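One structure below.
Each chain gets a letter, A, B and so on, in the order the sequences are listed, and its residues count up from 1. Because the structure is predicted, anything quoted here is derived from the model rather than measured.
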Number of protein chains: 2
Amino acid sequence: MPNHVSDFETGDSRYMVRSLAKGLSLLLCFGRESPSLSLKELAERMGWSKGTAYRFTFTLQQLGYLDQDPTTKRYRPGVKVLDLGFGCLSSMGLTERAQSYLEELFQKTGQPVHLAVLDDADIVYVARRADRSLTTINLYVGARLPAYCTSMGKVLLAYRPREEVRRLMKGVTMRRHTPHTVTSLERLHREFEQIRRAGYGITDQELELGVHSAAAPIWDASGQVIAAVNVSTLAGRVSLEELRGRFVPRLLEAADRISIALGHVTRVEARAV
Amino acid sequence: MPNHVSDFETGDSRYMVRSLAKGLSLLLCFGRESPSLSLKELAERMGWSKGTAYRFTFTLQQLGYLDQDPTTKRYRPGVKVLDLGFGCLSSMGLTERAQSYLEELFQKTGQPVHLAVLDDADIVYVARRADRSLTTINLYVGARLPAYCTSMGKVLLAYRPREEVRRLMKGVTMRRHTPHTVTSLERLHREFEQIRRAGYGITDQELELGVHSAAAPIWDASGQVIAAVNVSTLAGRVSLEELRGRFVPRLLEAADRISIALGHVTRVEARAV
DNA sequence: AAACATGGTTCGGCATTGCGCAACCAAATT
DNA sequence: AATTTGGTTGCGCAATGCCGAACCATGTTT
């Protein structure tokens, strides 16, 4: 078996259609730091020849996923990319069904509330309800944050089998974002234990100083935890006690209602307060 | 030049990388009506052999753009699709910069407000701020509506060169969604004239009975109209006069502010009221 | 329980596709 | 005018991805 060409992907990528993978990775180049790219830049970033880069941008442009400025020739993502993402998002039905409960939770607490799902060891925001700029980090739908240092992330991990958590967290370096960040896997597992007992989780300034939040799991009809809701508060304005005492009960109520809306059969569970 | 095989795409698709196009069209299969699909269904919809369908789903799954239910084997869009859409959306910067102004407009009017851009003859929602379920249609970010019968659509078209409008509207059948819908291109052009003079546009129940709305253009630094904001109201609760008198001034103010935030150099323009 | 049906997975062989390369343009810069 | 930079083509060949058909693994029918 002469390893003539590095076919890295563990070999199981025998079926991988490469051109598709390439094209998609090209779309990922665009972001906040590089909202538009020239053909040259694209080719360099991807490590492709100009010709190849041209064929891919051409294709994506034809299909509407890239726009090209006619004068500068630079490419920008086209609005059609939203068709990819959001036909899909709506297909989950999650956001739509959760929206009104998020609204209610926001009204009752006056704090920004979010909905997120787990993807590998990240959480991805899928909906939010907040006042303008209460949050320090700029969170938008689709944003990713590491799971291990966020309340929703911990909740989502807490309800996964231990084996899966091990697999997901393998390769994640638990960076100490703040002095409060939990950076030991063992400690994390103890927190998961606690979360499962309490039915919710709290993180205190682990990702960013001055922000703490509480999160609760959302169950679907099959009894899986598929998402988490949180309430996020500023440490300077709301104490942990207040978060726990005033906001958590509302949070749990909202989480339950969303779960029910998704068809979850509620089991009355004892919750340590 | 023997046209041996139908290479439909006007011939200029010589450079089209087919596998990419195919893979992307596969992702578009998923939507509200079909949130999950089996390999078989996918193969049928696409007109592919099972093997081909398998390789594409395999690829997309490996990359995280598709999830597969391990028991039923059915595919659903993976959360990673949001990376495609929203890395991009954020790269526009538009939504982020507009968010706080939308919030303000919503607070002042108490009505749902939206932000949309033009894509072909459609408008695509890129941001919104609304109470729960005031709207009858379920609008989410990424949703598409025809431009010709929406306030934002008309505004967006009104500021495009006539030639471009002709091109975009070619092939669009102006369906009479309600008795109020404007279905003549000529009439539409007269409205555009009016919109340019007034600096905003109103549609009265043209897409759906009971809903009317006012929209205003958003300009970028280069003097182009790149988006539109609207305020949408229920005909039963807010009269057209009230919409015009109470809400439009606020709408215009918000639109101006967003434009300025985008670097637009405000020219003081006379606006007919 | 055996036969059947359904739908997912795998393989081999070959036409097609898409790649690198290198030339060709078209603008901007010197 | 000469040079540079970056976008657009064309060619020939190797790798890619397609078809068809077999193989499996479950679930269903008789």
In terms of ring plane angle, is the pair B:Trp219 and B:His264 parallel, tilted or perpendicular, where the classes change at 30° and 60°?
parallel

Describe, in one word, how the ring planes of B:His114 and B:Tyr125 are oriented to each other, choosing from parallel (under 30°), tilted (30 to 60°) and perpendicular (over 60°).
perpendicular

Within the structure, does a side-chain N or O atom of [X] lie under 4.0 Å from either OP1 or OP2 of [N]?
X	N	answer
B:Lys73	C:dT9	yes
A:Arg55	C:dC19	yes
A:Arg18	C:dG18	no
B:Tyr54	C:dT10	yes
A:Ser19	D:dG17	yes
A:Thr52	C:dG20	yes

Take atom [atom1] of [X] and atom [atom2] of [N], then tell me their distance rounded to the nearest Å.
X	N	atom1	atom2	value
B:Lys50	D:dG20	NZ	C1'	11 Å
A:Lys40	D:dT4	NZ	C1'	11 Å
B:Asp69	C:dG7	CG	P	16 Å
B:Phe56	C:dT9	CZ	C1'	17 Å
A:Trp48	C:dG18	CH2	P	12 Å
B:Arg74	D:dT26	CZ	C1'	16 Å
B:Leu39	D:dA25	CG	P	17 Å
A:Met16	C:dT9	CE	P	15 Å

B:Arg144 with A:Asp83: basic N within carboxylate O range, under 4.0 Å
yes

Between B:Glu44 and B:Lys40, is there a side-chain N and carboxylate O pair less than 4.0 Å apart?
yes

